[in-house]
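This is the structure I have questions about; it appears just below.
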Amino acid sequence: MSVRRWLISCGILLAGVAQAQQVASCAGEVLAGAAYLACSHTVPSAPTQLCNYTWSLRTDTGLHTFQGYFALLPGQANRVVFQAGNISAQIGGSIVLCQSALWEQPNRQGP
């Protein structure tokens, strides 16, 4: 029995690599003591994106990790989703994760 048949017989599905289209593009920068994180919705035909971010920055009082969330509507460009003052440096790059705001509603039938 081949390895593939054995895996299938055990109920293990063999899936290919899934690739998703990048719908949101974000960039963060620390300039003149302030931090800015801006995002753009890059595929007009794609639905609204629900996104969350985390970013570690050095402030006057030490290291801080900032977190938040936002909705990115189709067509929005260079939307500032985070800004803060008294920032001296970024510790690491910002991390932004987005997913489609569309979800399937169950097909409900009346009694």
Side-chain angles (χ1 to χ4, degrees):
M1 177 182 281
S2 72
V3 172
R4 179 179 172 82
R5 282 189 185 166
W6 181 80
L7 289 172
I8 292 172
S9 68
C10 291
I12 300 171
L13 300 176
L14 300 177
V17 175
Q19 293 183 348
Q21 182 179 22
Q22 182 176 337
V23 176
S25 176
C26 298
E29 190 64 52
V30 174
L31 300 167
Y36 300 93
L37 179 60
C39 296
S40 295
H41 192 290
T42 58
V43 181
S45 62
T48 297
Q49 299 294 297
L50 299 178
C51 306
N52 60 54
Y53 65 86
T54 184
W55 199 7
S56 295
L57 301 168
R58 181 181 304 279
T59 68
D60 294 343
T61 59
L63 300 177
H64 296 279
T65 299
F66 297 89
Q67 298 178 334
Y69 58 91
F70 59 94
L72 196 58
L73 304 175
Q76 284 188 320
N78 299 320
R79 177 176 171 209
V80 175
V81 297
F82 172 79
Q83 63 183 12
N86 298 320
I87 306 295
S88 56
Q90 62 180 346
I91 305 307
S94 58
I95 299 171
V96 180
L97 301 173
C98 297
Q99 67 181 21
S100 172
L102 289 181
W103 61 89
E104 288 190 33
Q105 302 245 345
N107 186 7
R108 296 182 184 251
Q109 297 178 357

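Along the sequence shown, the residues carry numbers beginning at 1.
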Practice prompt. Output every pair passing side chain to side chain donor-acceptor pair (under 3.5 Å) with a member in residues 32-55, not counting sequence neighbours, ordered by first then second residue.
Written response: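 Passing the test, one end in residues 32-55: Trp55-Gln90.
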Fill in: Inter-residue atom distance Cys26.SG - Ile95.CD1, 0.5 Å rounding
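One gets 12.5 Å once the value is rounded to the nearest 0.5 Å.
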Give every donor-acceptor pair under 3.5 Å between a side-chain atom in residues 66-85 and any protein atom, sequence neighbours left out.
from, atom 1, to, atom 2, distance (Å)
Gln76, OE1, Leu73, N, 2.9
Arg79, NH1, Ala71, O, 2.3

Worksheet item: Are the side chain of Gln99 and the backbone of Ala101 linked by a donor-acceptor contact shorter than 3.5 Å?
Response: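 Not confirmed, Gln99 side chain does not pair with Ala101 backbone.
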Discussion item. Grouping I, L, V, M, F, W and Y whenever their side-chain heavy atoms are under 4.5 Å apart, do Val30 and Leu37 come out in a common cluster?
Written reply: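 Yes: a chain of side-chain contacts under 4.5 Å links Val30 to Leu37.
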Worksheet item: Which pairs count as disulfide bond (SG atoms under 2.5 Å apart) when at least one residue sits in residues 61-100, sequence neighbours excluded?
Response: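 Qualifying pairs, neighbours excluded: Cys51-Cys98.
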Worksheet item: What's the spacing between Asp60 CG and Ile87 CD1 if we round to 0.5 Å?
Response: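 It comes to 8.0 Å.
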